[in-house]
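Along the sequence shown, the residues carry numbers beginning at 1. Remember, it's 1-based here, ligands and their atoms both numbered in the order they're listed.
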Amino acid sequence: MPPTEKTAGLARVLAPADSKEPAIPIWLAREPGWLRSAPLSAAQKSWAEAQGTRASGGLRHVLVPTPDGRLAGVVVWLDEERSGRPELAIGHLPRLLPTGLYHLADEALDRELATVAWGLGAYRFRRYKSGEGEGSARLRLPTGVAAARAQAILEGVWLGRDLINTPAGDLGPQELEDAARALAERHAAQLTSIVGDDLLARNFPMIHAVGRASIRPPRLIDLSWGSPGAKRITLVGKGICFDTGGLDIKPASAMLLMKKDMAGAATVLALGHMIMATGLNLRLRILVAAAENSIAGNAFRPGDVLPSRLGRTVEIGNTDAEGRLVLADALALGDEERPDLMASFATLTGAARVALGPDLPPLYSDDDALAADIAEAGLSVGDPVWRLPFWDGYESTLDSAVADLSNVSEGAFAGSVTAALFLRRFVRQTRRFAHFDIFGWRPAPRALGPKGAETQVARAMFELLRRDCVGQQK
Ligand code: BES
Ligand code: ZN
Ligand code: ZN
């Protein structure tokens with residue numbers, strides 16, 4: 001079963017806007033005085049008050065009964081101290097509420113964001129679970145464009161999460177290509193793929209070197225969509241389907257989660273779906289460098305010197321720094337047509353987590369306005385990023401004694417910055433370049449999803465592109 005099939009499951013947690021089924025109202029109480037003017041009977045008000053009005057850890061919900069003991073509505077109290085948009089707390093509700101159909105009764109809510117939060121919180125990865133699972137709470141979609149956009153966002157994220165959650169045994173470079181191809185077919189996009197030894201013939205030597213030790217051949221997946229005259233956006237994703245570390249093998253604890261090392265690829269497909277499904281006026285190109293970093297007699301080695309698409313030679317200081325190698329060839333290709341914006345998404349370094357933790361991916365860009373716009377767009381939809389510098393002063397740490405550069409820096413400092421600097425060396429013409437060092441994973445359940453895969457920054461970038469913040473290049 002292809003992992004994309006599970007995205008049809010959105011109907012399990014959302015109902016059409018024109019559904020005739022009666023829906024239970026959800027009220028969001030913003031301040032303690034809300035109850036006085038609430039659309040509830042005196043008995044319901046005192047029941048709600050008796051349950052307590054203080055939220056802790058995000059949200060508290062109170063089920064309000066009808067006089068004959070059925071469910072009349074749900075009052076949600078928000079944590080006063082919490083920061084960010086109140087709509088995001090709605091993500092808790094699908095797992096808290098009894099099975100049934102609900103609707104958002106609060107007029108002041110941003111319905112699109114609240115619906116997205118609901119759908120993100122409701123996601124479950126059930127591919128390998130027997131049985132149907134328990135019934136679930138469904139939310140009636142709002143009317144109009146907000147519903148279509150919310151659905152496109154959710155389909156994108158669910159697709160991306162399914163891909164990341166799928167174990168490497170069932171998702172190699174071929175299956176990643178299959179998912180990209182299914183997406184391309186759905187949106188009438190063009191897709192080509194350069195596979196195995198063809199990568200050498202077509203000058204992608206580093207993607208080939210990283211992936212050649214796997215029996216599942218590496219590939220460069222190239223998807224294009226949209227009108228040729230529109231602004232050109234190129235999204236580049238790291239698609240390492242499993243990262244053993246290569247000959248510089250990872251310890252077991254570090255290898256355990258490495259099925260998610262293709263989260264960058266899943267994220268660009270998720271974002272691509274949002275863009276194509278909502279028909280943004282863009283010329284979209286998605287490049288996925290897909291490979292498995294395996295160990296075999298023909299694996300690339302520490303000390304090897306690799307040629308690259310750009311012509312620069314790269315000395316391998318560590319075979320576990322493989323993501324930047326495959327991305328460098330893909331970025332060099334993207335850069336050749338000088339798009340208006342190019343962005344790379346990659347689970348590139350453990351150091352990014354040391355710096356900012358799992359929930360806040362570093363963003364790198366030399367364009368101050370673009371970086372500020374992305375950060376603001378991300379915050380506004382609960383998909384935050386934090387800017388770190390392309391620090392020129394650390395460029396020399398990538399020096400190599402024998403080649404043009406090394407794939408690792410000498411010291412153990414600023415690992416996420418130096419990885420970003422490595423990538424920037426392969427982007428020579430594109431004016432607006434942004435790179436995201438994502439984690440792709442939620443270590444514990446939160447409002448916006450269960451423990452497991454996350455397509456970090458896909459929603460942030462969609463919000464940016466939707467607002468049309470990307471200027472055209474001269
Ligand atoms: N895929 C890893 C980075 C990673 C590890 C991301 C854990 C998220 C969670 C990447 O290929 C890698 O192994 N990077 C090395 C680079 C080092 C050898 C310079 C790292 O971060 O340790
Ligand atoms: Zn690695
Ligand atoms: Zn990796």
Side-chain angles (χ1 to χ4, degrees), residues 164-165 168 171-173 176 206-207 209-211 213-214 218 236-267 288-295 299-304 306 314-330 344-362 364 388 394 397-400 405-423 435-443 451-457:
I164 299 167
N165 279 325
L171 194 122
L176 193 51
M206 297 208 289
I207 300 177
V210 168
S214 170
V236 183
K238 170 176 172 179
I240 298 294
C241 294
F242 194 74
D243 184 8
T244 65
L247 291 173
D248 289 311
I249 189 169
K250 286 181 184 293
S253 59
M255 207 189 294
L256 187 60
L257 261 184
M258 282 301 120
K259 70 173 182 181
K260 76 170 174 74
D261 214 19
M262 35 56 72
T267 299
V288 169
E292 193 174 0
N293 189 17
S294 295
I295 300 167
F300 74 123
R301 309 161 190 83
D304 279 356
L306 304 182
V314 178
E315 183 184 15
I316 302 305
N318 192 316
T319 61
D320 198 10
E322 83 299 335
R324 61 195 78 181
L325 302 173
V326 298
L327 283 174
D329 274 355
S344 55
F345 301 72
T347 47
L348 206 61
T349 69
R353 253 46 57 196
V354 177
L356 297 177
D359 303 340
L360 197 53
Y364 296 87
L388 291 183
Y394 295 156
T397 66
L398 293 171
D399 288 350
S400 159
L405 73 164
S406 169
N407 79 328
V408 291
S409 56
E410 283 155 12
F413 296 134
S416 177
V417 176
T418 52
L421 287 174
F422 182 93
L423 296 185
H435 161 62
F436 305 98
D437 194 337
I438 61 173
F439 192 48
W441 197 258
R442 179 179 291 99
K451 175 178 171 175
E454 186 54 290
T455 55
Q456 285 176 316
V457 200

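Here the shortest heavy-atom pairing between I207 and D329 reads N-OD2, 3.3 Å. Across every non-hydrogen atom of P173 and C241, the tightest pair is N-SG, 3.5 Å. Smallest separation of non-hydrogen atoms from G246 and N293: N-ND2, 3.6 Å.
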Subject >> Stepwise salt bridge (charged side-chain N to carboxylate O under 4.0 Å, His left out) check, E454 with K260 >> reply: CA-CA 9 Å; E454 186 54 290; K260 76 170 174 74; over 6 Å; no
**OP:** Just do the salt bridge (charged side-chain N to carboxylate O under 4.0 Å, His left out) check on D437 and R353 with the steps written out, would you?
**Re:** CA-CA 9 Å; D437 194 337; R353 253 46 57 196; 3.2 Å; yes
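E322 contributes OE1 as its N, O or S atom closest to the Zn ion (ligand 2). For D261, the N, O or S atom closest to the Zn ion (ligand 3) goes by the atom name OD2.
Here the side chains of V288 and M262 are not in contact, with every heavy-atom distance at 4.5 Å or above.
Each of F345, F436, F439, W441 was compared with Q456 under the side-chain contact (heavy atoms from CB on, under 4.5 Å) criterion, and only F439 meets it.
The contact shell of ligand 1, taken as protein residues with any non-hydrogen atom closer than 4.0 angstrom, comprises K238, D243, K250, M258, K260, D261, N318, D320, E322, R324, T347, L348, T349, G350, V408, F439.
Among the atoms of G323, none of the N, O or S atoms falls under 2.8 Å from the Zn ion (ligand 3). Residue contacts to the Zn ion (ligand 3): D320 brings no N, O or S atom closer than 2.8 Å. At a cut-off of 2.8 Å, D243 is counted among the residues with an N, O or S atom near the Zn ion (ligand 2).
Side-chain atoms of T319 come within 3.5 Å of backbone N or O of D248 as a donor-acceptor pair.
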